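Predicted model, so just to flag it, every value in this text is computed and none were measured.
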Amino acid sequence: RKQKQGNPFALSPKEYPFQDALVVQTVPLPTMLDWEHDTGGFFVETETQPTFAEFVPVDLVRPSGKRVHGFAAKALNIFPIEMRIWWVMGDPGNEVVINGYQEGARSKTNVIGVAHNGQYVLLAAKGLASQSLSNAFKQHRKAAKYQLKAKPYILAMMCAAGDVEKIKGSYVTRFHFPTNQESRCSQELGWAILERQSEIEAWAGRENSQPQESDPQPGPPALQESSEPETIEADEDDDGLTYRDGATVDMNNAIEVKAFEDFRSIHAYTSPKSRSILRAWLKRKRNGGAVPA
């Protein structure tokens, strides 16, 4: 009898793409990371220290008090390849994935990318971080397409944990994901990414769909009980942060991005009419004047 080659139990890339990706979860609540910083950060539940960013050993502290050992960093750069959105309903810990946006749903954003050393990264975010990440990826993709006529992974995306702000009664870390125009993907790494095109298509093809048991999850199970405030991205077809007059936010201008997000959080997530309106609003806010509701 002829001996068959290979592993008959192995999952194929189309069933479970990017099994080698390191899951990096945004942790917005400062109290959930036991480390020297007074902000949240990017957490990896692993026994082996990642080698592509300034990760340090930390404990993730769940609301129940249980500690999970791993590593965390305040910033990292990746070459983003593709994005997908999960929509969920229900309370944290008892969420149900739904097929597309519905009233009352919350978004979870995944971006698959590659670090400078070739390590694949699955960047996962929810709540305010989900909205920031999805909008930033859309702007990043546009910059690569129209400025360089290239795939999004030609440019690096800077992922950084910013200041802590009080939002809806909780202290939450703001995350920023601007494009790094100076950091370019090498041709060697670009060819290596292209060789996994079938996995990329399989991974991205499940956007907004019910995940199967073998699907990579949005984040480590240890983070599912987070009490982080969450927001709804009203229009998934929106092509990034835009003013109501049609102008787009400069995602490379951290001050404009932060002011835009602050305006939306105060005004029931309604975008400012124009850039000049936002500037006037920001000036009044800095001078201690009344901020209209």
Side-chain angles (χ1 to χ4, degrees), residues 18 20-62 67-81 83 109-130 132-134 136-137 139-140 152-165 171-186 188-190 192-193 216 218-220 222-223 226 228 251-255 257-258 261:
F18 299 107
D20 56 326
L22 189 70
V23 178
V24 179
Q25 174 73 54
T26 57
V27 181
L29 297 182
T31 55
M32 288 188 69
L33 290 179
D34 186 5
W35 63 346
E36 62 179 352
H37 304 293
D38 56 1
T39 69
F42 299 94
F43 178 77
V44 179
E45 184 180 346
T46 179
E47 296 297 325
T48 305
Q49 181 169 358
T51 59
F52 60 88
E54 297 300 323
F55 281 92
V56 296
V58 300
D59 280 346
L60 175 86
V61 184
R62 298 173 64 177
R67 288 176 172 266
V68 180
H69 180 68
F71 296 85
K74 285 203 66 174
L76 64 146
N77 285 353
I78 63 171
F79 297 110
I81 302 171
M83 176 184 71
T109 299
N110 290 177
V111 167
I112 194 75
V114 180
H116 286 80
N117 66 352
Q119 170 71 60
Y120 275 81
V121 175
L122 177 63
L123 182 60
K126 59 182 179 179
L128 293 172
S130 170
S132 296
L133 179 57
S134 62
F137 179 82
Q139 289 294 326
H140 182 96
Y153 51 85
I154 193 174
L155 295 171
M157 174 183 284
M158 302 170 62
C159 310
D163 296 333
V164 174
E165 301 177 14
Y171 288 93
V172 180
T173 303
R174 286 282 191 178
F175 288 91
H176 305 286
F177 307 93
T179 296
N180 185 345
Q181 296 278 359
E182 304 302 319
S183 182
R184 302 291 178 93
C185 182
S186 68
E188 181 182 4
L189 184 54
I193 294 171
L223 297 174
S226 169
E228 138 198 22
M251 300 304 293
N252 294 314
N253 186 333
I255 295 177
V257 172
K258 186 177 185 300
E261 293 177 342

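Minimum interatomic distance between L29 and V172 (heavy atoms only, all atoms of both residues): CD2-CG2, 4.4 Å. Closest approach of G162 and T173 over heavy atoms only: O-CG2, 3.6 Å. Between G40 and L33, the shortest heavy-atom distance links the atoms C-CD1, 3.9 Å. Across every non-hydrogen atom of A125 and S130, the tightest pair is O-CB, 3.5 Å. When all heavy atoms of G41 and A161 are compared, the closest pair comes out as CA-CB, 4.1 Å.
No more than 12 heavy-atom neighbours from other residues, nucleotides or ligands sit within 6.0 angstrom of OH on Y171. The environment of CD in Q49 is crowded: more than 12 heavy-atom neighbours from other residues, nucleotides or ligands sit within 6.0 Å. A 6.0 Å sphere centred on CG of D163 holds no more than 12 heavy atoms belonging to other residues, nucleotides or ligands.
Atom CZ of F71 and atom CG of L60 lie 13.5 Å apart (nearest 0.5 Å).
When atom types are taken as modelled, the side chain of Q181 and the backbone of L155 share no donor-acceptor pair closer than 3.5 angstrom. Under the 3.5 Å distance criterion, the side-chain polar atoms of E45 are left unmatched by any main-chain donor or acceptor of G70.
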Please report the C-alpha distance between T109 and K126 in whole Å, then the side-chain angles of each, then the deciding distance to 0.1 Å, and finally whether the side-chain contact (heavy atoms from CB on, under 4.5 Å) criterion is met.
CA-CA 6 Å; T109 299; K126 59 182 179 179; over 6 Å; no

Please test L189 against Y153 for side-chain contact (heavy atoms from CB on, under 4.5 Å), starting from the C-alpha separation and ending with a verdict.
CA-CA 10 Å; L189 184 54; Y153 51 85; over 6 Å; no

For a side-chain contact (heavy atoms from CB on, under 4.5 Å) check, start with the C-alpha distance between H116 and F79, then their side-chain angles and the critical distance, and finish with the verdict.
CA-CA 8 Å; H116 286 80; F79 297 110; 3.6 Å; yes

Does L122 form a side-chain contact (heavy atoms from CB on, under 4.5 Å) with N110? I'd like the steps, not just the answer.
CA-CA 7 Å; L122 177 63; N110 290 177; 3.9 Å; yes

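Under the 3.5 Å distance criterion, with hydrogens and angles disregarded, no donor-acceptor pair is assigned to the side chains of S183 and N77.
By the 30° and 60° cut-offs, the orientation of the rings of H140 relative to F137 is parallel. The aromatic rings of H37 and W35 stand perpendicular to each other, their planes meeting at an angle above 60°, with 30° marking the opposite boundary.
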